[in-house]
Amino acid sequence: MLTKNKIETGLKKLLPDSNILSSIEECYVYSQDGTNTGKSKKLPDIVVFPESVEEIQKIMKFANKHSVPVTCRGAGTNLIGACLPNFGGIVMNFSKMNRILDINKTDMTAVVQPGVVVGELQKKVEEIGLFFPPDPSNLRVSTIGGAIAQSAGGPKTFKYGTTKDYILGLKIVLPDGSLMITGGQTIKNATGYPLTQLFIGSEGTLGIVVEATLKLIPKPEASRVMMAYFDSIEEATLSVNNIIDSKIFPSTIDFMDNNSINTVEKFYPAGLMTDKTAALIIEIDGTYESIQQDGEKLKEVLKESNAVNITLSNTKDEYDRIWTARRSSFAATAKLRPDVVTDDVIVPRSKLSQLIKGINNICAKYNLETCIVGHVGDGNVHPQIALNLDDLTEYKNYLLAKEEIYRLTINLGGTLSAEHGIGAEKKKYIPMAVDSNALDYMKKIKHLFDPKNILNPGKIF
Ligand SMILES: Cc1cc2nc3c(=O)[nH]c(=O)nc-3n(C[C@H](O)[C@H](O)[C@H](O)COP(=O)(O)OP(=O)(O)OC[C@H]3O[C@@H](n4cnc5c(N)ncnc54)[C@H](O)[C@@H]3O)c2cc1C
C-alpha cells in the first residue's frame, strides 16, 4: 500500500485541500464510531469530504489503482464497528453531500444525497403531508447513507418495515470507480435482479451510495402512545400477540424491563412505575377517529392481558414524556458504569419471553448489569449491558455472556442482528447464524464487486 504522504499527494490532485484532513489528531477522531468495545486497529491515513459523484469516482479510481482501503462514514453512530478503518487508508465522510435534491409530492418520492440527516428529511417531507418511517432512534444525527448501508429499522418497523422497504433506486460508485444505477423511481420494479436490495444492508462493503431515490407514504393524521405495565415477562410478551390477534395494527410495540424502567427513573425521572416487571409502549396512528377507536379497543385487550396502569397520551406533552422515557434508556444505562454495550438479537415473537428471561439469567450468571429494551412487536431485543471494559474479568465475562446470548437466540430460531448489522464486532459469530453455502456466496458477491477488497475491508466476514 502507498505511504500516508503518497496517498495525501494523490488525493490533493483530486480534491481541494479544505476537503482533506491528515493530521494525527484529526484522523484519530475518525478512527472510532459508536461502538464502545471496538477500537480501530489503525488510524485512517487521510479523511476526505467529497462534494460530488465525480469526485468520489476519482477517489475510488485512485484507491483501486493503488489498493488503498476506503471506509465510508456517515455520522459514525453505528454500534458494531461498521466504519472502523482497521486497515488504515481513506475514510470518506459525506457531510458535504447532504442535500435533498427533490421531493415529488405526486409520486411520493424524494431524491437525496447520502449525507442527508434522517430527521431533517423526515421534517421536510412531513411539512407537505408525507412520511419517511425508518427511524434509527438517533435520527437527529444519523444519515441516509448509514441507514441504507445498515438497513436501519427502529420503533416503527412493526407497521412500516425498515429502510429496505423505502428505497426505490440507488446511484452507486463501485470500488473500481465506475457508476452503477439500480432500480428507478417506480413503486414496483420487476426488471431483472433486485440489485438495489443487494446494496441495502451491505454495510458499505460492496459500493458507495452516492444518491438514493426514496419511497414516501402519506403521513398519518394523528398518533398517540399508550404505556402499560405487567407483573411478568410472559404477560407482557403474550399481550403483544393478543394485540395483534385483536386486529389492531400499532405502528410500534416496544418493551422496557424492570431494570431499564428503574435506571431511567434514577437518571431521567419520568414518573414510571418502578415496581413492575415490564412495560410496553404502544403507538397507534391513523385518523383522529380511528385512533380513538383503536385506543379504546387496545385498553380492553391490555386489561384482559393483565396489564395495569394503562395510560394513553392525550396531549403532545404526554406523548413526548413516554417516548423520552423509552429513548433515554440507553443514555441512562450508560450512567450506571464507565461503559455500556448494546446488542441486537431477534427471535420469532412466540419465543420472546424465553429470550428475555434467558438473557437475564446469562447476565446474572456472569455478574453483568443489564437493562433490556426492544422492539418486541418484531421479536427484536436490545440487551444494554453496563460494565467497565477496562476491568479484564468483567470484559471476559461480557464476551462469554455475549456468545451464550447468541447461542440462545439461534436455538430459539432467531438470528444475530435485526437492524444494527454485523460489522467488525460480530463477524466472528456469523457462521453460527448463516448457512455455510449462503456465507460462501456472500463472499463471492463481495469478491465480484470488490476483487481487491478495498471497500470497508474486514467487515461482516
Ligand atoms: C443510541 C442509538 C440507538 C440506535 N437505535 C437504533 C434502532 O433503533 N434501530 C436501528 O436500526 N439502528 C439503531 N442504531 C444504529 C443505527 O444503525 C445507526 O446508528 C445508523 O443507522 C447509522 O447511521 P450513520 O450515519 O451514523 O452511519 P455510520 O455509523 O457512519 O455508518 C454505518 C455504516 O454505513 C456505511 N456507510 C455510511 N455511508 C455510506 C454510503 N454513503 N455508502 C455506503 N456505505 C455507507 C459505513 O461504512 C458503515 O458501514 C442506534 C444507534 C445508537 C447510537
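Both ligands and their constituent atoms are indexed starting at 1 by order of listing.
- With His382 contributing its side chain and Asp343 its backbone, the two residues share a donor-acceptor pair below 3.5 Å.
- The nearest protein atom to atom 45 (C) of ligand 1, hydrogens excluded, is given as Cys72 CB, 3.6 Å; this is a heavy-atom distance.
- To the nearest 0.5 Å, atom CD1 of residue Ile103 and atom CG of residue Leu130 are 8.0 Å apart.
- At a heavy-atom cutoff of 4.0 Å, ligand 1 is contacted by both the backbone and the side chain of Thr143.
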**Prompt:** Going through the checks in order, is the side-chain hydrogen bond (donor to acceptor under 3.5 Å, both in side chains) test met by Asn259 and Glu369?
**Reply:** CA-CA 9 Å; Asn259 275 353; Glu369 205 166 351; over 6 Å; no
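- The atoms of ligand 1 that sit less than 4.0 Å from any heavy atom of Leu79 are 50 (C), 51 (C), 52 (C), 53 (C).
- Side-chain atoms of Glu203 never come within 3.5 Å of backbone atoms of Ala82 as a donor-acceptor pair (strictly under, hydrogens ignored).
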**Request:** For the pair Phe449 and Phe199, evaluate ring pair (Phe, Tyr, Trp, His ring centres under 6.0 Å) and give the outcome as yes or no after the intermediate values.
**Result:** CA-CA 11 Å; Phe449 280 95; Phe199 287 100; 5.3 Å; yes
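- Of the protein's heavy atoms, Pro136 O, 3.1 Å lies nearest to atom 6 (C) of ligand 1.
- The protein heavy-atom contact nearest to atom 42 (N) of ligand 1 is Val209 N, 2.9 Å.
- For atom 35 (C) of ligand 1, the closest heavy atom belonging to the protein is Ala149 CB, 3.4 Å.
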**Request:** May I have the step-by-step check of side-chain hydrogen bond (donor to acceptor under 3.5 Å, both in side chains) for Gln185 and Thr109, ending in yes or no?
**Result:** CA-CA 7 Å; Gln185 301 171 46; Thr109 56; 5.7 Å; no
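- Nearest to atom 27 (O) of ligand 1 by heavy atom, out of Gly146, Gly81, Ala147, is Gly146.
- Under a 4.0 Å heavy-atom criterion, Gly34 is not in contact with ligand 1.
- The protein heavy-atom contact nearest to atom 32 (C) of ligand 1 is Gln150 OE1, 3.6 Å.
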**Item:** Stepwise ring pair (Phe, Tyr, Trp, His ring centres under 6.0 Å) test for Phe49 and Phe94
**Value:** CA-CA 6 Å; Phe49 299 82; Phe94 299 97; 9.7 Å; no
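- Contact between Ile208 and ligand 1 is present, with at least one heavy atom of the residue lying under 4.0 Å from the ligand.
- When each atom of ligand 1 is checked for a heavy atom of His375 under 4.0 Å away, the hits are 8 (O).
- Taking the six-membered ring for Trp and the full ring otherwise, Phe158 and Phe249 have centroids separated by under 6.0 Å.
- What sits closest to atom 23 (O) of ligand 1 on the protein, heavy atoms only, is Ser142 CB, 3.5 Å.
- Regarding atom 8 (O) of ligand 1, its nearest protein heavy-atom neighbour is Ser137 OG, 2.8 Å.
- Closest to atom 44 (N) of ligand 1, if we only count protein heavy atoms, is Gly204 CA, 3.4 Å.
- Contacts between Asn456 and ligand 1, counted as non-hydrogen atom pairs separated by less than 4.0 Å, involve the side chain only.
- In this structure, Gly207 is part of the shell of residues with a heavy atom less than 4.0 angstrom from ligand 1.
- At a heavy-atom cutoff of 4.0 Å, ligand 1 is contacted by no atom of Lys459, backbone or side chain.
- The local environment of OH in Tyr441 is sparse, with at most 12 non-hydrogen atoms from other residues, nucleotides or ligands closer than 6.0 Å.
- Counting the atoms of ligand 1 from 1 in the order shown, those under 4.0 Å from a heavy atom of Asn138 are 19 (O), 50 (C), 51 (C), 52 (C), 53 (C).
- Judged by distance alone, the side chain of Ser313 and the main-chain N or O of Val225 form a donor-acceptor pair under 3.5 Å.
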